[in-house]
Amino acid sequence: MSVAPLCYTSGKLRLRPATMEITRTTRIKIDLDLDVARRTVQAWTDACNFVSVVAFENGNLSNAARLHGLVYRDVRERFGLSAQVAASCIRQIASKYAALRTKKERPRKPVSFKSNGVMLQGGARGRDFSFTHQGLSVTTIDGRIRPVAYHGEPRLSDYLNNWRIGDARLFIRRGKVYLSVSFKCDAPDIERPNDAVIGVDRGINNLAVVTDGKRARFFGGGHTRHVRNRYSLVRASLQRKKTQTNSRSVRRVLNRLSGREARFTRDANHVISRRIVEFAEATGNPTIAIEHLASIRNGRLRKPQRTDLNRWAFYQLETFTRYKAEGRGFEVVEVEASGTSKGCSRCGYTAAHNRSRHDFTCRACGYSLHADLNAARNIRLRGILSRQALAQEGPSSTGPEARVSSETTGKLLASAGGS
């Protein structure tokens with residue numbers, strides 16, 4: 001998502017039109033010949049690995065223009081890719097090595113690629129694929145094939161009529177050919193009061209707690225924990241059988257269980273994220289503040305806690321919440337997570353002994369409430385401060401805690417963190 005410029009007028013932040021972009025990706029089944037699709041995917045994969053070797057031998061080359069000059073002719077002649085697909089292949093390898101350089105990683109061998117699909121460019125010109133009244137037109141190893149019948153979700157017609165076509169990935173799953181297509185449009189241009197912020201705290205016992213200062217909603221994790229534990233016990237039993245027999249039937253059941261658990265997690269996160277956004281919508285054009293959980297798994301925890309923590313897809317929940325919110329024109333901001341569960345949302349006093357399991361009682365002012373709700377309120381307050389700092393100074397500030405005179409006013413009293 002591109003970041004939209006902001007203007008501050010009459011106590012409100014307003015997004016300028018046509019600057020915040022929403023992206024949706026949908027999977028379309030296409031009636032392309034399976035053999036043609038397999039040869040196309042294999043040619044792309046072989047080309048990627050060839051270009052990767054050349055980039056590695058030239059000092060992890062990440063300059064797309066220089067890499068293009070070294071390998072473009074060979075990619076066209078040796079692998080039979082079209083000009084545009086060959087250029088996309090080279091850019092992808094260059095971006096991969098650029099990402100490694102940004103992380104300050106130096107690979108000991110060339111980065112290898114598996115047969116996970118062919119990147120195709122669409123756009124208004126339909127460079128590698130396009131939709132017509134007769135069907136889909138798509139570039140393959142055998143040239144441009146048209147028309148190709150396609151089958152998508154009910155919203156596909158809305159995407160085709162009202163959204164801009166982006167890039168796509170051609171891939172094969174279980175003997176069927178698919179095209180994963182991205183569509184883009186501009187987010188609605190709406191105004192939001194500077195203190196219209198809701199806070200979302202994520203956890204294990206409560207997968208999410210959301211508050212707007214007046215209302216609160218808890219999304220309990222009891223059922224999901226029960227289902228995950230059941231899958232864990234069955235998987236452990238099958239793993240023991242696998243070490244003893246290593247039979248194909250055991251491996252097949254393990255794969256099937258893995259898919260079921262992933263679908264259960266995905267469905268649960270979809271439901272929770274939708275309800276979070278609906279809660280926000282009822283508040284009235286808010287900003288959704290979530291804590292930055294990049295290092296959530298780095299803490300020192302007991303083994304059962306580590307197991308629960310590692311088995312839940314927190315980032316997936318954030319991603320689902322973000323794209324659903326952006327579809328309604330809501331802004332999602334990240335704030336610093338440290339101290340949100342130990343700091344008092346009323347006076348700001350922060351200490352580890354303020355919290356005891358699910359209960360929070362401030363040792364300074366005596367304020368008491370559910371610990372996860374207290375954390376959600378702290379996240380909301382930091383979101384308010386972040387928006388005010390962004391309006392006044394430009395870049396957002398997520399570290400300090402915001403202190404307000406009342407949960408409902410949103411008036412900033414101090415920006416220093418509690419001690």
Side-chain angles (χ1 to χ4, degrees), residues 1-3 21 23 25 40-121 127-128 141 166-173 180 182 258 262 290-301 306-307 309-319 322-323 334-338 395-399:
M1 183 194 73
S2 59
V3 179
E21 196 173 61
T23 302
T25 302
T40 303
V41 172
Q42 190 59 51
W44 165 272
T45 305
D46 293 341
C48 286
N49 287 314
F50 167 75
V51 177
S52 180
V53 170
V54 174
F56 178 79
E57 292 175 348
N58 285 270
N60 301 323
L61 184 59
S62 59
N63 185 299
R66 289 179 55 196
L67 189 59
H68 187 280
L70 291 174
V71 299
Y72 175 74
R73 186 180 297 276
D74 289 334
V75 170
R76 291 293 312 278
E77 294 176 353
R78 292 178 56 175
F79 304 102
L81 299 180
S82 68
Q84 191 61 54
V85 175
S88 298
C89 169
I90 297 168
R91 284 195 300 270
Q92 177 163 322
I93 305 305
S95 64
K96 180 64 177 178
Y97 280 96
L100 293 175
R101 179 166 296 180
T102 300
K103 297 178 182 178
K104 298 182 180 179
E105 297 179 7
R106 291 190 60 85
R108 297 182 179 180
K109 59 181 180 180
V111 177
S112 61
F113 293 82
K114 298 180 180 179
S115 302
N116 60 354
V118 183
M119 301 305 299
L120 303 175
Q121 290 195 18
R127 293 181 176 90
D128 300 324
I141 196 70
D167 297 337
R169 182 169 66 95
L170 177 72
F171 64 98
I172 302 170
R173 287 291 182 275
S180 181
S182 66
S258 175
I290 57 176
E291 74 269 50
H292 182 62
L293 296 181
S295 58
I296 187 174
R297 293 182 170 90
N298 297 339
R300 298 179 61 181
L301 300 170
R306 291 199 305 270
T307 301
L309 193 64
N310 291 331
R311 281 193 331 215
W312 193 251
F314 291 101
Y315 181 70
Q316 186 185 74
L317 176 59
E318 176 184 334
T319 302
R322 188 180 294 274
Y323 90 74
E334 284 190 332
V335 300
E336 179 60 45
S338 62
S396 62
S397 173
T398 60

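Residues that satisfy the side chain to side chain donor-acceptor pair (under 3.5 Å) test with Ser52, not counting sequence neighbours, are Tyr97. In this view, Asn63 satisfies the side chain to side chain donor-acceptor pair (under 3.5 Å) rule with no residue, not counting sequence neighbours. Taking Phe56 as the reference, nothing meets the ring-ring contact (aromatic ring centres under 6.0 Å, His included) condition, with sequence neighbours excluded. Arg76 meets the side chain to side chain donor-acceptor pair (under 3.5 Å) test with Tyr72; sequence neighbours excluded. Partners of Arg91 according to the side chain to side chain donor-acceptor pair (under 3.5 Å) rule, which considers only residues two or more places apart in sequence or in another chain, are Ser88.
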| Candidate pair Val53 and Asn49, rule side-chain contact (heavy atoms from CB on, under 4.5 Å), full reasoning | CA-CA 6 Å; Val53 170; Asn49 287 314; 5.7 Å; no
| field | Residues Leu70, Leu61; criterion side-chain contact (heavy atoms from CB on, under 4.5 Å); working and verdict | value | CA-CA 11 Å; Leu70 291 174; Leu61 184 59; 3.8 Å; yes
| task | Go through the steps to decide whether Arg169 and Thr25 satisfy the test side-chain contact (heavy atoms from CB on, under 4.5 Å), and finish with yes or no. | result | CA-CA 10 Å; Arg169 182 169 66 95; Thr25 302; over 6 Å; no
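Taking all atoms of both residues into account, the shortest heavy-atom contact from Cys48 to Ile93 is O-CD1, 3.6 Å. Of all heavy-atom pairs between Ala47 and Leu81, the closest is CB-CD1, 3.7 Å. Val118 and Val41 make their closest contact through CG2-CA, 3.6 Å (heavy atoms, listed as atom of the first residue, atom of the second, distance). Nearest heavy atoms, Ser180 versus Phe171: CB-CE2, 3.8 Å. In plain terms, the two heavy atoms of Ile141 and Gly80 that are nearest each other are CD1-O, 3.4 Å.
How far CD of Gln84 is from SG of Cys89: 12.0 Å, rounded to the nearest 0.5 Å. With rounding to the nearest 0.5 angstrom, the CE atom of Met119 is 6.0 Å from the CD atom of Gln92. The CD atom of Glu318 sits 8.5 Å away from the NE2 atom of His292 when rounded to the nearest 0.5 Å. Atoms CZ and CG, from Phe79 and Asp74 in turn, are 8.0 Å apart once rounded to the nearest 0.5 Å. Atom CG in Leu100 sits 5.5 Å away from atom NZ in Lys96 (nearest 0.5 Å). Summarising the geometry, atom CG belonging to Asp128 is positioned 10.5 Å from atom CG belonging to Leu170; distances are rounded to the nearest 0.5 Å.
Within the 3.5 Å criterion, the main-chain N or O of Gly117 finds a donor-acceptor partner in the side chain of Trp44. The backbone N or O of Asp167 sits less than 3.5 Å from a side-chain atom of Ser182, completing a donor-acceptor pair.
Using a 4.5 Å heavy-atom cutoff, the side chains of Ile90 and Val71 are in contact.
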Output side-chain donor-acceptor pairs under 3.5 Å for residues 104-116, partner residues at least two apart or in another chain, one line each.
none

